Amino acid sequence: MTMTEQNQSLPDAEALFASLKAQMAPAIAFNAKLVGVYSGGAWLADRLASELDGEHEVGYIDVSFYRDDLSTSGLKSNVRSTQISFSVEGAHIVIVDDVLFTGRSIRAAINTLFDYGRPASIQLAVLVDRGGRELPIAADYVGAPLIVSRDLMLALSKSDDGKFALTTEAWKAR
């Protein structure tokens, strides 16, 4: 699917979540730790942990200070603290994010994780892979690939009842 205008329809985020969960269910370790990248990835990680079989502890990462483009794009106004209450050392980790685009947020998330220890393995789960990689990063689990114009930002939202939706808006500098 190609998105070139802001008002074109987007795929149903709940259907993408179901696809992502179906891919992960038979494949991830029973005790894999889920680490959500704020904020969309954190929402997804929470819901995956509650819906997947297994014992999946959840942590949260804010990658703001680890981004390699911090000096050029500036700091976002909604910086949160990283919360990892389990041992990363020797753990099987699945980083969860809403949208994979350039790969820079995921690189920053991996750098953050190594501040907490050396995991046995790291996998990546994303709701949407929109292409456009600037770093050689690929997701292990993808709800769906989606081509979106580079001048649009794709964002995940969560309603009060926990349902997900995708929206687009004009790209804004950080």
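On a predicted model such as this, the values are computed, not experimentally measured, just so you know.
Checking Asp97, Asp98, Leu16 one by one against Val128, the side-chain contact (heavy atoms from CB on, under 4.5 Å) holds for a single residue, Leu16.
Ile93 and Pro119 get closest at one heavy-atom pair: CG1-CB, 3.8 Å. Across all their heavy atoms, Arg130 and Val148 have their closest contact at NH2-O, 3.3 Å. The minimum heavy-atom distance linking Gly143 with Leu20 is given by the pair N-CD1, 3.9 Å. Residues Leu52 and Met24 share a closest heavy-atom pair of CD1-CE, 4.3 Å. When all heavy atoms of Leu34 and Ala45 are compared, the closest pair comes out as CD1-O, 3.7 Å. Residue Ser105 comes nearest to Val63 through the heavy atom pair O-CG1, 3.7 Å, listed as atom of the first residue, atom of the second, then distance.
For the pair Val96 and Tyr141, the minimum side-chain heavy-atom distance is 4.5 Å or more. Contact annotation: the side chain of Leu48 approaches that of Lys21 to within less than 4.5 Å [non-hydrogen atoms, C-beta and beyond]. You'll find the side chain of Leu100 reaches within 4.5 Å of the side chain of Ile106, heavy atoms only. Phe114 is listed as a side-chain neighbour of Ile122, based on a closest heavy-atom distance under 4.5 Å. Looking at Lys163 and Lys158, their side chains never come closer than 4.5 Å, going by heavy atoms from C-beta outward. Looking at heavy atoms from C-beta onward, His56 lies in side-chain contact with Ile28 at the 4.5 angstrom threshold. Side-chain contact between Thr82 and Thr112 is present, with at least one heavy-atom pair separated by less than 4.5 Å. Side chains of Ile61 and Tyr116 form no contact here, defined as non-hydrogen atoms less than 4.5 Å apart.
Within a 6.0 Å sphere centred on CG of Asp161, other residues, nucleotides and ligands contribute more than 12 heavy atoms.
Considering OG of Ser19 and CG of Leu127, their distance stands at 9.0 Å, rounded to 0.5 Å. Rounded to the nearest 0.5 Å, atoms CG (Leu44) and CG (Leu156) are 5.5 Å apart.
Relative orientation of the Trp43 and Phe164 rings is parallel, given thresholds of 30° and 60° on the angle between their planes. In this structure, Tyr38 and Tyr60 have parallel ring planes: the angle between them is below the 30° cut-off, well short of the 60° mark.
Gln23 contributes a side-chain N or O that, together with a main-chain N or O of Val142, makes up a donor-acceptor pair within less than 3.5 Å.
Salt bridge Glu134/Arg150: present, at least one basic N to carboxylate O contact under 4.0 Å. Between Lys33 and Glu55, none of the side-chain N atoms (NZ, or NE/NH1/NH2) sits under 4.0 Å from a carboxylate O, so this pair counts as no salt bridge. Residues Glu89 and Arg118 are not paired through a salt bridge, judged by the lack of any N-O separation under 4.0 Å between the basic side chain and the carboxylate.
Note on Phe101 and Leu124: separate hydrophobic clusters, where clusters join Ile, Leu, Val, Met, Phe, Trp and Tyr whose side-chain heavy atoms are under 4.5 Å apart, directly or indirectly.
Within the cation-pi definition used here (under 6.0 Å to the ring centroid, within 45° of the axis), Arg47 qualifies as a partner of Phe17.
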**Request:** Determine, step by step, whether Ile95 and Gln123 satisfy the side-chain contact (heavy atoms from CB on, under 4.5 Å) criterion, reporting the C-alpha distance in whole Å, the side-chain angles of both residues, the deciding distance to 0.1 Å, and the verdict.
**Result:** CA-CA 6 Å; Ile95 296 174; Gln123 293 184 306; over 6 Å; no
**Request:** Apply side-chain contact (heavy atoms from CB on, under 4.5 Å) to the pair Val35 and Leu113, showing each step before the final yes or no.
**Result:** CA-CA 9 Å; Val35 177; Leu113 275 176; 4.3 Å; yes
